[in-house]
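Note that ligands are numbered from 1 as they come in the structure, with each ligand's atoms numbered from 1 the same way. Every value quoted in this text rests on a predicted model; they were computed, and no experiment measured them.
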Amino acid sequence: MTSPKQAPGRIVAAPTAVQAPSRRRFLLGAAGTASAAALSAKATAGDLAVPAWSRVLGQPVAANPYGLPSPFEANIIRRQSPGLTRTNESSIAFAPLQNLFGVITPNGLHFERDHAGRPEIDPQQHRLLIHGLVGQPKIYAMDDVMRLPSVSRIHFLECGANTGMEWGNVAVPTVQFTHGMVSGAEYTGVLLSTVLEDVGIDLKRARYILAEGADGASLTRTIPIAMALDDALLVYGQNGEMLRPENGYPLRLIVPGVQGVSSVKWLRRLEIGDQPWHTREETLHYSDLMPDGSSRQFTWIQEAKSVITSPSGGMTLLDPGTYYELTGLAWSGRGRIKRVDISTDGGRTWRTAQLQDPVASKALTRFRADWVWDGNPALLQSRCVDETGYVQPALKQLREVRGTRSIYHNNAIQTWQVLASGEVRNVQT
Ligand SMILES: Nc1nc2c(c(=O)[nH]1)N[C@H]1C(S)=C(S)[C@@H](COP(=O)(O)O)O[C@H]1N2
Ligand SMILES: [Mo]
């Protein structure tokens, strides 16, 4: 599509909370709302008047030594879903995907999932033990890890339970709650293979690695050796700075493309063995309940998935007959995203979206397409294809195989319904 002739259409932000949105709340609610509604399409001479903030000195640099967003962006925060637990034993904060650009999630907005709350760890005292089928068990201090050859790589991290509330029916109104347990970051650390070489791993016998966290949950997960030797990372940096406490400070595992729970935070122990451990987090939880009542274990990979983040549930389109950009995110645990298709008629017709650089392996990929909303109801969908040729399934297809009582690994096509009023709703087709 060529670039739009019309002025871009105005859009009203998603609501601040999870309750079913009313139109009135939108117009009076969020910080961005009032200004969007008040915008004039035509410039006037008054717009050229020198504003108040151009007539005075601003704050000196030292006033804000660690930078924060503008106070006008105070509405763009992680949110907890009222339907889920928020205790020290189990808490989840969702990333505001509807307000983010590009493919890197700012550290203050990265989703967070804790099984026993976030520990406060002194990096001087933190240790990583590597033992089991190795030549020489070793204990690493942070200094020892940070002296090793480093790599920086862009990857997505997605909780296996992302979109898990939507198996049976529509459960939540906004993309923050349907898909906000995925984030993207540039991770810096050491390839796990470098450290395994350092301890002299017994490659003839080693099949699996147990990773254990230093939090109260002592969260443990089994990692197949092939993944450990391929692209798994011992990470201390996220988006150019040390990990935040909530993301595993000072040291975590990142297993690219694999469900989030395997990327053990606050990493304190790696044990090399020849069999899976069948820990609590790979038996009681993080297994897939199938329609016949059986439970599928060890679903490592996050299959290809995409979602339109704008317009998305809870927003309101104010200007029928004008241009809107459709934009969103696609990712695959098996490699690069090859193509994203967009439909505005619920999957009857599709056209190819534009992918923005970088298109990295096992990373969020930003897509966009031009759209003129004619003012009629529409059903917005995105469908991605990854480099293996895997096509993101429709919800109906996924349910045929998986039933409706699962929690994990819902990578179905998401539908946003635009009503004639401009309101955008989460629907299932
Ligand atoms: N030690 C430890 N590691 C952990 C967890 C935890 O509770 N404790 N949560 C896991 C889960 S379920 C997910 S989805 C990811 C979330 O990572 P994040 O909080 O950095 O987004 O961390 C994983 N690693
Ligand atoms: Mo998770």
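- The shortest N or O to N or O distance between F111 and ligand 1 is under 3.5 Å.
- The shortest N or O to N or O distance between D215 and ligand 1 is under 3.5 Å.
- Here the CG-CD1 distance, from L364 to I104, works out to 8.0 Å after rounding to the nearest 0.5 Å.
- Distance from atom 23 (C) of ligand 1 to its nearest protein heavy atom, with residue and atom name: G260 O, 3.3 Å.
- Residue contacts with ligand 1: S263 is included, with a non-hydrogen atom under 4.0 Å away.
- Using a 4.0 Å cut-off between a side-chain N of Lys or Arg and a carboxylate O of Asp or Glu, R269 and E271 qualify as a salt bridge.
- Every atom of ligand 1 with a heavy atom of E246 under 4.0 Å away is listed here by number and element: 19 (O).
- Within 6.0 Å of atom CZ in R205, 12 or fewer heavy atoms from other residues, nucleotides or ligands are found, so the atom counts as exposed in its surroundings.
- Side-chain atoms of T188 do not come within 3.5 Å of backbone N or O of G240 as any donor-acceptor pair.
- Closest to atom 12 (S) of ligand 1, if we only count protein heavy atoms, is Y286 OH, 2.9 Å.
- Checked against R252 for a side chain to side chain contact (heavy atoms under 4.5 Å, CB included), the options V235, L234, V264 give a single hit: V235.
- Evaluated for a side chain to side chain contact (heavy atoms under 4.5 Å, CB included) with Y140, the options L270, L129, L251, I130 yield exactly one hit, I130.
- By the 30° and 60° cut-offs, the orientation of the rings of H179 relative to W331 is perpendicular.
- Atom 14 (S) of ligand 1 has its closest protein heavy atom at C159 CB, 3.4 Å.
- Using a 4.0 Å cut-off to heavy atoms of G213, the atoms of ligand 1 that qualify are 1 (N).
- Residue N247 touches ligand 1 through backbone and side chain together, judged by heavy-atom distances below 4.0 Å.
- Close N/O approach between D114 and ligand 1 is not found [any backbone or side-chain N/O within under 3.5 Å].
- Of the heavy atoms in L157, only side-chain atoms (C-beta onward) come closer than 4.0 Å to ligand 1.
- The shortest contact between atom 7 (O) of ligand 1 and any protein heavy atom is with H115 N, 2.7 Å.
- Within the listing of ligand 1, atoms 20 (O), 21 (O) sit less than 4.0 angstrom from a heavy atom of H110.
- Distance alone, capped at 3.5 Å, is enough to place a donor-acceptor pair between the R366 side chain and the G102 backbone.
- Here the protein heavy atom with the shortest distance to atom 11 (C) of ligand 1 is V261 CA, 3.6 Å.
- Counting protein heavy atoms only, atom 17 (O) of ligand 1 is closest to R252 NH2, 3.2 Å.
- Between F94 and F177, the ring planes are perpendicular. Angles over 60° get that label, and only those under 30° would be called parallel.
- For ligand 1, the atoms lying closer than 4.0 Å to a non-hydrogen atom of V264 are 1 (N), 3 (N), 24 (N).
- Note on E112 versus R244: no salt bridge recorded, every NZ/NE/NH1/NH2 to OD/OE distance being 4.0 Å or above.
- D231 has a carboxylate O that lies under 4.0 Å from a charged side-chain N of K362, or vice versa, which qualifies the two as a salt bridge.
- Of the protein's heavy atoms, K265 NZ, 2.5 Å lies nearest to atom 19 (O) of ligand 1.
- When hydrogens are left out, the protein atom nearest atom 9 (N) of ligand 1 is R113 O, 3.2 Å; that is the closest non-hydrogen contact.
- Between E158 and ligand 1, a contact under 3.5 Å exists for no N or O pair.
- One N or O on the side chain of R127 and one on the backbone of Q124 form a donor-acceptor pair closer than 3.5 Å.
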